[in-house]
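Here's the structure we're looking at; comments come further down.
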2 protein chains.
Amino acid sequence: MRKVVSSGQPTIKEIAKKLNISVSTVSRALHDHHSIGLRTKARVKQLAAEMNYERNQTAVYFQQGRTFTIGILLPELSEAFFSSAISGIEDTAYSNDYTVLLGQSHDDEAREKQIIQSMKQHRVDGCIVSIGKNTRNYDHFEMLRQAKIPVVFFDRIPDLPNIHTVSCNLESGTIQAVDFLLKKGHRVIGMINGPEQLVASKERATGYIKALRKHRLKYDPELIVNADLTAAGTSQAMEYLLSLRRKVTAIVTFNDYVAMDAVQYALKQKLEINKDITFVSYANTPVSGYTAFPPAASVEQFPYEQGKAATNMLLSLLSGEHALNEYNNMLMESQLVIHDR
Amino acid sequence: MRKVVSSGQPTIKEIAKKLNISVSTVSRALHDHHSIGLRTKARVKQLAAEMNYERNQTAVYFQQGRTFTIGILLPELSEAFFSSAISGIEDTAYSNDYTVLLGQSHDDEAREKQIIQSMKQHRVDGCIVSIGKNTRNYDHFEMLRQAKIPVVFFDRIPDLPNIHTVSCNLESGTIQAVDFLLKKGHRVIGMINGPEQLVASKERATGYIKALRKHRLKYDPELIVNADLTAAGTSQAMEYLLSLRRKVTAIVTFNDYVAMDAVQYALKQKLEINKDITFVSYANTPVSGYTAFPPAASVEQFPYEQGKAATNMLLSLLSGEHALNEYNNMLMESQLVIHDR
DNA sequence: CTGTTAGCGCCTTCAC
DNA sequence: GTGAAGGCGCTAACAG
């Protein structure tokens with residue numbers, strides 16, 4: 001059907017012919033094999049350079065049964081968190097001579113399956129995956145397991161047994177955040193949290209409660225609201241928090257977007273930011289520093305480092321220095337970054 | 001050296017053996033070749049399904065001499081513009097059954113060369129490239145040309161003859177921006193432009209001047225400042241513009257970051273945004289809407305669409321429906337998006 | 001030190 | 001309709 005177009009690129013065969021030696025000698029010379037004479041080596045290398053020879057990796061991949069390529073599946077590249085993460089992945093992969101094959105699911109389960117399928121056919125050596133919001137069925141990952149393609153899950157992790165994961169624990173950062181507010185004298189601290197079912201929301205709530213407990217303060221459940229992360233939801237949450245009997249002087253928001261919406265609401269109520277009300281958030285975006293009223297502090301989740309860690313974990317799996325029934329679950333600690341003292 | 005690990009994946013050979021037919025029959029059956037009997041076809045397909053057979057793409061790539069993979073080289077994934085662009089690239093590639101190999105140069109020329117080299121070895125079918133800020137030498141692209149790997153340059157385009165490009169013309173958007181301000185009654189409009197040597201700066205300046213000319217207003221060179229895009233540079237530029245005899249009531253800024261810095265400066269001078277002073281900017285970031293004082297309008301550059309266009313151009317080059325000496329240079333029009341009337 | 005040979009999985013031309 | 005054979009470029013036994 002499709003014509004095989006000769007690429008015109010020189011092969012070791014041609015080099016061998018011109019030099020009147022065998023292909024294996026050429027191959028070995030090019031690889032600096034110890035058993036090849038210095039003179040032949042030099043001759044081969046010189047001719048190869050002259051002819052602009054370049055090894056055909058597709059042949060090598062085929063022959064070796066591995067591609068030195070890792071597949072990356074993420075929900076959405078345009079989210080700052082993921083673009084930062086993939087930056088870390090790509091950097092680490094490249095410095096280990098691996099290439100990166102990319103796919104984004106857009107949180108669509110069907111597309112996610114399709115991409116995994118395509119990566120499997122591509123014979124990637126391994127995958128790094130952050131699953132979509134709506135993914136409920138994990139058959140595609142089961143197929144990878146059967147094909148013996150190792151996977152490291154990262155940030156958005158499926159509820160599966162025996163998997164490798166890298167994620168960031170938000171509890172510690174939240175404790176630091178609440179600590180920070182308490183030290184500044186705040187006693188009534190609200191929290192605009194995310195949807196209840198998210199692990200990330202649970203970690204935030206737990207951190208909040210633990211921080212209070214640490215300071216022997218009683219926890220008032222009224223002060224935590226679960227919102228839907230939309231601007232409208234945030235306004236509602238703000239309205240609620242500001243209507244409470246106890247006067248809320250600080251609020252921990254689910255992320256920077258929520259913080260920005262909350263700030264807008266507060267400004268409309270003629271509140272002075274960092275005086276009447278102080279915000280602390282989670283750094284999903286690097287631009288919060290540019291806003292007129294950035295949060296006084298935010299919990300950094302180190303997406304770049306997470307990407308790096310996930311890649312290193314995958315590479316160590318690929319190097320085969322692991323027992324097959326050993327599963328790595330790495331938990332990074334989040335950390336509070338203070339913008340405004 | 002490295003052991004060849006049998007992947008354990010079934011091959012057409014095994015299917016053939018189990019069915020006591022030849023590999024070529026299996027191959028043909030799997031491809032729905034017309035000359036294969038319906039019964040055999042069915043038997044083959046069923047067994048293949050049962051065995052979880054999956055075609056080894058690396059073998060196909062090798063054999064066909066093409067990989068259905070395109071290489072993407074970008075300066076920096078964490079820049080909103082590029083992450084949006086790659087989103088468009090990836091979507092388009094995937095819906096055409098192409099896979100995407102990723103590399104970021106971090107604006108480092110050496111790394112850029114290395115990535116191109118690696119993509120060439122990978123035998124990508126084509127490349128989409130946005131060059132680094134500091135790249136002065138283009139030998140690596142010359143090598144791609146010799147290897148007959150088509151390249152589409154995009155957004156950041158090198159100064160080379162006979163290349164394919166996709167880029168966005170900022171002149172039109174700038175004209176619209178100035179039009180918008182003039183219609184709102186502004187007569188003294190400043191511009192904080194970028195470094196003089198950038199094409200993008202030139203286009204902005206030209207658009208500004210053309211818009212004034214269109215309205216038969218005289219152009220005052222004092223009103224355009226070239227800044228370095230840092231916060232400090234922006235402050236200086238603001239100080240200068242606000243010190244002019246003629247009272248500047250509106251400013252066009254190089255991008256949203258500059259706009260945000262400029263807004264900060266204006267606020268410090270107790271100016272009221274959108275009253276004493278109005279800003280119009282270029283949309284490099286989707287978050288400007290979240291800031292307390294977003295620009296009244298901004299010039300959209302459609303990175304997603306640019307990525308899509310570049311990919312389509314590359315795909316059409318790959319399909320071979322082009323003369324070799326034909327070069328495509330696509331210019332998209334930027335467009336003003338009004339946030340605040 | 002170097003050459004010969006086989007084979008990776010698949011497709012395709014040629015023969016039957 | 002189906003089979004046999006060759007070859008894509010490279011590596012790695014196995015022989016000298």
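Quick note on labels: first sequence line is chain A, next is B, and so on, each numbered from 1. Side chains are part of it too, since the values below use all heavy atoms of this structure and drop only hydrogens, waters and symmetry mates.
Atom CD of B:Gln64 and atom P of C:dG9 are 17 Å apart (whole Å). Nucleotide C:dC10 holds its P atom 19 Å from the CZ atom of B:Arg66, rounded to whole Å. In this structure, B:Tyr61 atom OH and C:dC8 atom C1' are separated by 17 Å, rounded to whole Å. Atom-to-atom, CE of A:Met51 to P of D:dG9 comes out at 12 Å; the value is rounded to the nearest Å. Rounded to an integer number of Å, the gap from B:Asp32 CG to D:dT2 P is 14 Å.
Side-chain atoms of B:Arg28 come within donor-acceptor range of the base of D:dG3, with a qualifying N/O pair under 3.5 Å.
The shortest distance between the side-chain N/O atoms of A:Ser22 and the OP1/OP2 oxygens of C:dG3 is below 4.0 Å.
Nearest nucleotide to the side chain of A:Phe62, out of C:dC11, C:dG3, C:dC8: C:dC8. Nearest nucleotide to the side chain of B:Ser24, out of D:dT2, C:dT12, D:dT11: C:dT12. Among C:dT2, C:dC11, D:dT2, the nucleotide with an atom closest to any side-chain atom of B:Gln63 is C:dC11.
From A:Thr135, atom OG1 reaches atom CZ of A:Arg111 across 13.0 Å, with rounding to the nearest 0.5 Å.
Backbone-only contact: B:Thr11 has heavy atoms under 4.0 Å from sugar-phosphate atoms and none from a base.
Residues B:Thr311 and B:Ile128 meet the side-chain proximity criterion, which asks for heavy atoms closer than 4.5 Å.
In summary, the aromatic rings of B:Phe141 and B:Phe153 are positioned with their centroids under 6.0 Å apart. Checked against the 6.0 Å centroid threshold, A:His122 and B:Phe68 do not count as a close aromatic pair.
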